[in-house]
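Here's the structure we're looking at; comments come further down.
Each chain gets a letter, A, B and so on, in the order its sequence line appears, and its residues count up from 1. In this text, all values refer to a predicted model and were calculated from it rather than measured experimentally.
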Amino acid sequence: MREENLEMSKEKAIITLLQGCNSLNKLRKIHAHVLVSGLRHHVAINNKLLNFCAISVSGSLAYAQLLFHQMECLQTEAWNSIIRGFAQSSSPIDAVAYYNQMVCASFSSPDTFTFSFVLKACERLKAERKCKEIHGTVIRCGYDGDVIICTNLVKCYAAMGSVCIAQQVFDKMPVRDLVAWNALISCFSQQGLHGEALQVYNQMRSENVGVDGFTLVGLISSCAHLGALNIGVQMHRFAREKGLVESLYVGNALIDMYAKCGSLDQAIFIFDRMHRKDIFTWNSMIVGYGVHGRGTEAIFCFERMLEARMQPNSVTFLGLLCGCSHQGLVQEGVKYFNLMSSKFRLRPEVKHYGCLVDLYGRAGKLEKALETIRNSSPNDPVLWRILLGSCKIHKNVGVGEIAMNNLNELGATNAGDCILLATIYAGVNDTAGVASMRKTIKSQGIKTSPGWSWIEIGEQVHKFVVDDKSHRDSIEVYERLREVLHQASLFGYIRDAETLKTSTTYHSEKLAIAFGLARTADGTPIRIVKNLRVCRDCHSFMKAVSVAFDREIIVRDRVRFHHFKGGQCSCNDYW
DNA sequence: GTAGGGTTAG
């Protein structure tokens with residue numbers, strides 16, 4: 001009896017020590033103490049030690065493995081600790097390995113926690129086969145009604161792009177809580193299915209599951225991707241009603257949403273009122289300024305960020321460089337590009353080189369742009385493509401051909417590139433050049449990526465493609481477009497000669513504008529989201545429409561925003 | 001003795 005008491009008090013003492021343990025060194029001492037106290041085989045203490053080593057930030061997985069393999073009696077608890085530890089480590093594959101050992105070669109059976117941890121590892125590894133196998137085991141063990149395991153499965157299938165299976169798992173869940181719904185939303189948005197993500201919200205409303213900050217962040221982010229300002233504003237109102245607007249995550253998502261939906265002022269309004277700002281807050285604002293072509297303000301924001309002692313990361317510099325290049329701030333852009341590695345120890349990635357090439361190219365410094373590409377490694381086709389875009393602005397056939405040759409050599413030429421070079425040839429009246437590019441597109445069967453434009457009317461996002469006839473109000477849209485084209489022509493719009501020669505088509509943004517004019521109140525801005533760049537003809541069309549109808553038109557294209565007002569565009573015709 | 005969740009860039 002006395003011995004038992006003694007052991008209990010020793011055990012208690014060790015557990016107390018473990019609770020106060022905050023370093024590996026202390027842990028080693030405790031372990032040594034365990035050994036000298038004759039508690040080497042004490043199961044509860046070993047489990048505690050193991051759990052600490054495997055999970056705690058001040059633990060060590062290597063040490064955990066050592067303890068694990070010294071343990072004589074491995075119960076589910078010990079397996080769970082080691083699997084959990086590896087699942088969240090830089091080597092999740094080891095979690096799967098331990099799980100395999102547990103299932104195949106041990107006397108312990110996995111429980112719901114085991115599945116939860118090993119599925120986390122599968123999610124991070126995108127290990128589809130293993131996930132399916134574990135899914136089967138989960139069903140055989142009768143755990144397929146467990147809300148947490150099912151949520152894990154949804155996340156796991158979503159991570160590997162199997163949206164349908166994720167949805168099936170979700171649909172079969174006997175009970176779905178808010179976390180499960182939120183997982184479904186992020187499943188869709190991970191795959192770029194933002195419309196579907198927003199639809200989940202409608203289902204949630206009809207099933208009265210409620211909404212929390214996680215839900216809102218997911219939905220607001222989907223609005224941002226879609227450029228769905230009206231729905232985004234509703235979410236903002238909703239966040240206010242729910243008292244969630246103070247949340248750092250919600251605030252960050254709102255800044256990004258407003259910036260991406262063209263309401264930079266609203267983004268600034270929210271940014272200025274946030275008490276706490278993290279790296280996402282600053283980056284969302286700087287990227288917002290950047291894509292709106294407001295380089296000076298992006299720089300100012302960046303300087304304030306440094307004053308606030310926030311360490312920038314690679315995304316920060318993308319925003320900054322994007323702003324510099326669209327505003328033509330060459331010196332500043334180069335300065336920040338260099339600062340990135342010299343002061344902040346961030347290695348520039350292809351995207352940063354892309355910004356630098358764009359910065360030089362856009363400003364007409366094509367030789368410097370060429371030099372940048374040649375000094376960057378690896379030689380990424382994206383960089384040559386950006387240079388080709390600059391050659392279009394500056395009508396430079398020579399450098400354009402160099403860029404095209406390099407794209408060819410890299411085997412990366414696409415239809416967009418051929419069209420770009422054709423436009424460059426057309427700009428200098430080289431009809432033979434234009435013809436040869438058309439021939440290349442035809443003979444090599446290079447597929448053009450279809451352009452589309454979105455416009456949000458009320459809570460509905462409408463999509464148009466080139467010469468779209470599929471919209472239910474198509475006839476009305478075309479009638480309206482003819483009228484708008486006529487009005488625009490009275491305000492200086494002349495259909496681009498090249499556009500006339502190459503096609504009799506109506507680009508998607510023209511259809512979207514006509515629809516927008518028909519369906520929105522006089523004087524309200526028209527917001528359009530496009531997947532490609534705006535062509536010269538549509539650009540001048542929109543300038544004329546902005547005067548003819550006295551409307552502000554805000555177009556988000558693949559890389560930046562254009563604000564058309566009173567016949568002018570914020571990009572100064574330089575994009 | 002333990003579990004599932006969020007935002008920028010791509």
Side-chain angles (χ1 to χ4, degrees), chain A residues 15 18 43-52 54-55 75-85 87-88 110-120 123 143 146-156 158 169-170 173 176-187 189-190 192 197 211-225 239 244 247-257 259-260 267 270-271 274 277-291 312-322 346 349-352 354-355 382 559:
Chain A
I15 288 169
L18 268 174
V43 177
I45 286 185
N46 277 328
N47 279 337
K48 273 232 153 34
L49 274 170
L50 174 66
N51 191 265
F52 180 88
I55 313 300
Q75 295 170 340
T76 302
E77 181 181 346
W79 288 101
N80 284 358
S81 290
I82 201 90
I83 294 171
R84 183 186 178 194
Q88 62 193 35
D111 60 8
T112 53
F113 294 92
T114 322
F115 291 121
S116 198
F117 301 137
V118 73
L119 281 170
K120 178 90 193 166
E123 183 192 333
Y143 293 140
D146 184 291
V147 67
I148 295 180
I149 294 185
C150 287
T151 308
N152 277 317
L153 282 166
V154 169
K155 287 199 67 207
C156 205
V169 173
F170 180 84
M173 284 171 75
R176 298 178 198 104
D177 62 7
L178 194 47
V179 182
W181 281 97
N182 291 345
L184 187 67
I185 292 179
S186 73
C187 161
S189 59
Q190 251 177 56
V211 157
D212 65 4
F214 290 87
T215 328
L216 276 177
V217 167
L219 296 172
I220 293 169
S221 149
S222 284
C223 290
H225 282 96
L244 294 165
S247 142
L248 180 63
Y249 283 95
V250 172
N252 291 348
L254 283 170
I255 293 173
D256 178 57
M257 184 275 290
K260 288 227 175 75
I270 305 225
F271 177 83
M274 279 175 68
K277 295 182 173 77
D278 66 0
I279 184 75
F280 286 88
T281 323
W282 289 99
N283 284 355
S284 298
M285 198 62 251
I286 292 171
V287 170
Y289 280 126
V291 293
N313 65 14
S314 68
V315 180
T316 322
F317 284 94
L318 283 180
L320 204 51
L321 293 171
C322 172
L346 294 164
E349 298 152 26
V350 173
K351 289 228 127 213
H352 300 95
C355 288
V382 167
V559 281

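- Remark: A/Thr114 pairs with A/Thr76, A/Asn80, A/Ile83, A/Tyr99, A/Met102, A/Pro110, A/Asp111 by the side-chain contact (heavy atoms from CB on, under 4.5 Å) rule, at least two apart or across chains.
- Looking at heavy-atom distances under 4.0 Å, A/Gly218 makes no contact with the nucleic acid at all.
- Residues satisfying the salt bridge (charged side-chain N to carboxylate O under 4.0 Å, His left out) test with A/Glu77, not counting sequence neighbours, are none.
- When the nucleotides B/dT2, B/dT7, B/dG4 are ranked by their closest atom to the side chain of A/Ser116, B/dG4 comes out on top.
- A/Ile220 places its CD1 atom 14 Å from the C1' atom of B/dT8, with the value rounded to the nearest Å.
- Within 4.0 Å (heavy atoms only), A/Asn152 reaches sugar-phosphate atoms of the nucleic acid but no base atom.
- Spacing between atom CG of A/Leu346 and atom P of B/dG10 amounts to 16 Å, rounded to whole angstrom units.
- The side chain of A/Val250 has B/dG6 as its nearest neighbour among B/dT8, B/dG6, B/dA3.
- The separation between A/Glu123 atom CD and B/dG6 atom P is 8 Å, rounded to whole Å.
- Base contact: A/Asp177 has a heavy atom under 4.0 Å from a base atom.
- Atom-to-atom, OH of A/Tyr249 to P of B/dG6 comes out at 9 Å; the value is rounded to the nearest Å.
- You can call A/Phe113 stacked on the base of B/dT2; the centres are under 5.5 Å apart and the planes sit within 30°.
- Which of B/dT7, B/dG6, B/dG4 sits closest to the side chain of A/Ser221 comes down to B/dT7.
- Among B/dG1, B/dA9, B/dG4, the nucleotide with an atom closest to any side-chain atom of A/Val147 is B/dG4.
- At the heavy-atom level, A/Thr281 lies nowhere under 4.0 Å from the strands shown.
- In this structure, A/Thr112 reaches the bases: a heavy-atom distance under 4.0 Å links it to at least one base atom across the strands shown.
- Geometrically, A/Arg176 engages A/Phe170 in a cation-pi contact defined by less than 6.0 Å to the ring centre and at most 45° from the axis.
- Nucleic acid contact class of A/His225 (heavy atoms, under 4.0 Å, all strands): sugar-phosphate only.
- Side-chain nitrogen and oxygen atoms of A/Lys48 include none within less than 4.0 Å of the OP1 or OP2 phosphate oxygen of B/dT2.
- Stacking of A/Phe280 onto the six-membered ring of B/dT7 is present: less than 5.5 angstrom between centres, less than 30° between planes.
- Residue A/Phe117 is classed as a base contact, given a heavy-atom separation below 4.0 Å to a base.
- Between the CD1 atom of A/Ile55 and the P atom of B/dT2 there is a distance of 11 Å, given to the nearest Å.
- Distances from the side chain of A/Asn80 to the nucleotides B/dT7, B/dT8, B/dG1 place B/dG1 closest.
- Rounding to whole angstrom units, CG of residue A/Asp278 and C1' of B/dA9 are separated by 15 Å.
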